[in-house]
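As a basis for the values below, the full set of heavy atoms in this structure was taken, side chains included, without hydrogen atoms, waters or symmetry mates. When a ligand or atom number is given, it counts from 1 through the structure's own listing order.
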Amino acid sequence: MSLSPPQRVLLPTLWLMLAAGLSPAADADTPPAPLEIASWWVSPGERASLEVIRRHAQTQGLRWQQRIVAGSGTRRYGDVLKRWVAENRAPMASQVIGYDIHDWARQAQLAFLDDVATAQEWDEVVPLGIQQLSKYQGHWVAAPINAHSTNWLWINARRLRQLKADAPDSWPDLLRLLDAAQKAGITPLAIGTEAWEHTLLFEAVAAGAGGAEFYRRAFLELDSSALDDSVLPEIFQRMRLLRHYAKTLAQTPSWDKATEQVRRGEALLQVQGTWVDGEFSARQLKPDEDYACFRFPDTQGMFIFNADQYMFFKHTPEPARQRFARVLLDPAMQAELNIATGAAPARVDVPQEKFNACGQKAIRDMRRANLQRTLMGSIAMGNANPPAVKNAIYAVVSAHFLGRIDDATAITRLRQAIAGAGSGKHTPVR
Ligand code: GAL
């Protein structure tokens, strides 16, 4: 029997799935497997995204139940999840990001996903920086569903045209643009009040001022010797300048309210993750016409990532675990999901044609950064370093951004936060 090229590619995968005891797809005779998931997605773009996952899961014979706990950032959600686990009522699968995955794995709470990962060849298609978080001691313990990136400017295109300004390519360009907005009576920078949002701004500023190697050494490897006087004063000075443009701080409780201010043209721009693209898409806005997405100046070529993932608690029945894990990494599901979410898929091989202009740029950037080792975890979203370090950085950066401590104090405390993380030289856990 001669095989067509697609069959040749499919056969080994099929064989691996059967060898691993996985059925290739749900059929009419297979009873639906109950699945209960938990997530923090509540905004319009996030709800549209969850709906995509639900639909694909149901098509694969899963009986979907969901628990949704609102909370900008993930701290509140994380606390609720810990309580459920302590009370013995954990969901089967939970959304999770960053180093929290390793915390759960260290407590031996998570089911391994190696069978599905082997069958779907996750090792080959998931960017390496993300794999480091999805795996613990060599085992896949989480299934990544997207590769958001945080180093973006989201700009109201009508206001940009009104200011007759171009894409800001460098730090001085950005300052000129923010000044022009100020003079025109538009709030230059919209940002919420939460520490993770201040830290998200900080990571873009730090990567822009210090470059990729500085970012990697200082925040991923936690190498104190990277934190010398050549870059830190510049970073905090830039943060101080940005605070001056963030007039709406007091009235903007969270990132999605800041997105609304940009959408309505009350504010010119926001520095946030690609979930903003999901919000704009959920409101039928179009890139270029209604909004513009540019890399944060001087971070072009870097992809500061935040990957949403799902982990499975050990009590999850096998059929539900296998079917849902397979759905999550399915290329068609990842395409549809991330068109709604605004992120790049968590696989490098998902075709980009159907994504909007911002999504296509995100995918190209992600693929290139994966090869150049400039795909680096977001500090703000807990993808760069363990929770204790992240929280120490939040405290310094937020106190400084809110004007409670000066630059010199911030520099000293940031050094302490990184040095306190342990040995100094730190290799991300695999
Ligand atoms: C992140 C999550 C994103 C988005 C964002 C804003 O934690 O990974 O998908 O939901 O929060 O809520």
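Considering backbone and side-chain N/O of His148, one or more are found under 3.5 Å from N/O of ligand 1. By the 3.5 Å distance cut-off applied to N or O atoms, Glu46 is counted among the residues near ligand 1. Between Trp196 and ligand 1, not a single N/O pair is under 3.5 Å apart. For Asp308, a nitrogen or oxygen atom sits less than 3.5 Å from a nitrogen or oxygen atom of ligand 1, counting backbone and side chain alike.
If you number the atoms of ligand 1 from 1 as listed, the ones under 4.0 Å from a heavy atom of Met381 come out as 1 (C), 7 (O), 11 (O). Listed by atom number, the atoms of ligand 1 under 4.0 Å from Ile97 heavy atoms are 7 (O), 8 (O). Close contacts between ligand 1 and Trp255 involve ligand atoms 6 (C), 12 (O) [criterion: under 4.0 Å to a heavy atom].
A tilted orientation is assigned to the rings of Trp171 and Phe296, their planes being inclined by 30° to 60°. Taking the six-membered ring where tryptophan is involved, the planes of Phe280 and Trp154 are perpendicular, since the angle between them exceeds 60° and thus also 30°.
Residue Asn306 touches ligand 1 through its side chain alone, judged by heavy-atom distances below 4.0 Å.
Screening Gln95, Glu46, Gln66 for a side chain to side chain donor-acceptor pair (under 3.5 Å) involving Ser39 leaves a single residue, Gln95.
Taking CG of Leu414 as the start and NE2 of His400 as the end, the distance is 10.5 Å to the nearest 0.5 Å.
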- Might you work through the side-chain hydrogen bond (donor to acceptor under 3.5 Å, both in side chains) test for Gln58 and Arg55, ending with a clear yes or no? CA-CA 5 Å; Gln58 285 178 337; Arg55 198 160 18 81; over 6 Å; no
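Partners of Phe202 under the ring pair (Phe, Tyr, Trp, His ring centres under 6.0 Å) rule, at least two apart in sequence or in another chain, are Phe219, Phe236.
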